[in-house]
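These notes concern the structure reproduced below.
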Amino acid sequence: MGASSDATTTTPSTTLSPAIIRKIVLSYTYVAIWIFLSFTVIVYNKYILDRKMYNWPYPISLTLIHMGFCSSIAVLLVRTFHVVDLPSSMSPSLYLSSVVPIGALYALSLWLSNSAYIYLSVSFIQMLKALMPVAVYSIGVLFSKESFKASTMANMLTISLGVAIAAYGEAKFNAWGVFLQLGAVAFEATRLVLIQILLTSKGIKLNPITSLYYVAPCCFIFLLIPWVIVELPSLKENSSFHFDYFIFGTNSFCAFALNLAVFLLVGKTSALTMNVGGVVKDWLLIAFSWSVIKDLVTPVNLFGYGVAFLGVAYYNHSKLRGLREMEAQRKAEEGDDEESGRLLDPREGDETSKRNESKG
């Protein structure tokens, strides 16, 4: 009888409740939506810009179209439909000092990353993007947002070594394309660090709609200058080109939906979940690039990226472990405060009774 009762009492702890199952399913759904949209935007941009496919090698123009579309939709959602509220602390001076630099870096990052698709394969670009944690950590240390640790730096060197091996094994290595992609990584990493310094530290939190509302028009204006100088003369000469509203409309919509998916994923799960999902996405893109686009992926490529992958995975694991330790420390401190409060109450009661007795 006792054994059966113990079994019945332990059964609920070993089974998942419907609420937990629903949360797990939703989390995986958010990850799947983000991977699908990110995958779609990358492949779609490659298709448009590659000279062997759609053959429209104008990365600044493509980015301008994206920013114009995102700006228009964001203004409609904020000003007309009032989907989200704007932060009251965003003043003109704060916009100029904080949002404008972030918009400039975002413009440079998008310009260079889209330009890299003209010269490099999708698979090799994903391998180079593995350097993002290295860039974010290095720039974070430079701006005193990260503390220097020898173990973390060794991890960063491992990732860099893996990417270097992958680059050495690249069959269609293009130095200019690598320069463009590394520049995009550097500008994007600087943008992420500056968001912490210029916005988050001041208590300003922007979701993707408000981010696009503030950043996309700024980014559009910054891109106009190189577009007029670099691509507009060539577009004027190419009189045979006709704007394909379906191609560029669906491409821009996917780019906008990707921003919303990022908000959904980070808001409902965590940024670490997005990093882990990004690793899965990169492997899927490498497989797609090799099997469908027929990009050549060498064994040295895969070995180098495998080394970088292990470094990134260990970095994400270390970040997760650090977050758990901080959470456990916070709960322990809260528990100590509650315990000290409980110990203090009887003392106060004794002192009160003693005072009452002395008065009596």
Side-chain angles (χ1 to χ4, degrees), residues 21-50 53 62-63 66 69-70 73 106 109-110 113-114 116-117 120-133 135-136 159 162-163 166 181 184-185 188-189 191-192 207-209 211-212 250-295 297 301-302 305-306 308-317 319-320 323:
I21 294 175
R22 181 174 177 272
K23 186 177 181 180
I24 294 173
V25 171
L26 284 176
S27 297
Y28 279 106
T29 302
Y30 298 142
V31 172
I33 291 172
W34 175 75
I35 290 178
F36 172 76
L37 288 173
S38 181
F39 186 99
T40 302
V41 170
I42 290 172
V43 174
Y44 212 158
N45 287 350
K46 173 67 175 177
Y47 168 76
I48 292 173
L49 295 167
D50 197 299
M53 299 182 189
L62 182 64
T63 311
H66 288 173
F69 183 89
C70 290
I73 299 297
Y106 193 40
S109 173
L110 292 175
S113 62
N114 282 334
Y117 287 111
L120 302 176
S121 65
V122 171
S123 58
F124 187 43
I125 286 176
Q126 303 316 304
M127 295 177 189
L128 292 175
K129 285 182 178 180
L131 287 171
M132 183 61 73
V136 172
I159 297 172
V163 174
Q181 183 56 49
V185 169
E188 178 65 11
R191 184 183 75 90
L192 295 175
N207 61 50
I209 296 178
S211 294
L212 290 174
T250 52
N251 179 251
S252 299
F253 179 79
C254 289
F256 179 78
L258 177 60
N259 282 278
L260 297 183
V262 169
F263 168 65
L264 191 67
L265 180 61
V266 176
K268 299 296 183 180
T269 57
S270 67
L272 187 63
T273 302
M274 190 175 73
N275 290 337
V276 176
V279 173
V280 177
K281 178 205 68 178
D282 290 342
W283 280 110
L284 290 174
L285 281 166
I286 291 172
F288 180 85
S289 176
W290 170 74
S291 60
V292 178
I293 305 179
K294 303 301 180 184
D295 288 332
V297 180
N301 270 144
L302 292 177
Y305 184 66
F309 163 74
L310 292 176
V312 173
Y314 180 77
Y315 176 72
N316 288 334
H317 171 72
K319 296 286 284 186
L320 178 60
L323 290 173

| field | Validation row: Tyr314, Leu310 side chains within 4.5 angstrom (heavy atoms) | value | no

| said: Are the side chains of Ile42 and Lys46 in contact, using a 4.5 Å heavy-atom criterion? | reply: no

| query | Looking at Phe256 and Phe69, what are the two nearest heavy atoms and their distance? | reply | CB-CE2, 4.0 Å

| Any side-chain heavy atom of Asn251 sitting closer than 4.5 Å to one from Tyr47? | no

| task | Of all the heavy-atom pairs spanning Ile35 and Gly277, show the shortest one and how long it is. | result | CD1-O, 3.7 Å

| Note, Tyr44 side chain near Thr250 side chain (heavy atom, < 4.5 Å) | yes

| task | For Phe36, look at atom CZ and say whether over 12 heavy atoms of other residues, nucleotides or ligands are found less than 6.0 Å away. | result | no

| said: Give me the atom names and distance for the closest heavy-atom approach of Leu37 to Ala257. | reply: CD1-O, 3.6 Å

| query | Rounded to the nearest 0.5 Å, how far apart are CD1 of Ile286 and OH of Tyr305? | reply | 5.0 Å

| query | Does some side-chain heavy atom of Val122 sit less than 4.5 Å from a side-chain heavy atom of Phe288? | reply | no

| said: If you compare all heavy atoms of Val312 against all heavy atoms of Pro133, which two are closest, and at what distance to 0.1 Å? | reply: CG2-CG, 4.3 Å

| Interatomic distance, Asn114 atom CG to Leu62 atom CG [nearest 0.5 angstrom] | 5.5 Å

| note | Here the pair of heavy atoms bringing Asp295 nearest to Ser123 is CB-OG, 4.3 Å

| said: Would you say that Leu285 contacts Lys129 through its side chain, given a criterion of any heavy-atom pair below 4.5 Å between the two side chains? | reply: no

| said: Within this structure, what is the CG-OG distance for the pair Asp282 and Ser289, rounded to the nearest 0.5 Å? | reply: 12.0 Å

| Is Leu128 close to Leu120 at the side-chain level, that is, under 4.5 Å between some pair of heavy atoms? | yes

| remark: One should read off an interatomic distance between Leu110 CG and Glu188 CD, to the nearest 0.5 angstrom, of 7.5 Å

| query | What is the distance from atom CG of Asn301 to atom CH2 of Trp290, rounded to the nearest 0.5 Å? | reply | 13.0 Å

| said: Please report the interatomic distance CG(Asn45) to CD1(Ile125), rounded to the nearest 0.5 Å. | reply: 10.0 Å

| query | Less than 4.5 Å apart, any side-chain heavy atom of Trp34 and any of Val262? | reply | yes

| task | Quick one: closest heavy-atom pair of Met127 and Ala166, and the distance? | result | SD-CB, 3.9 Å

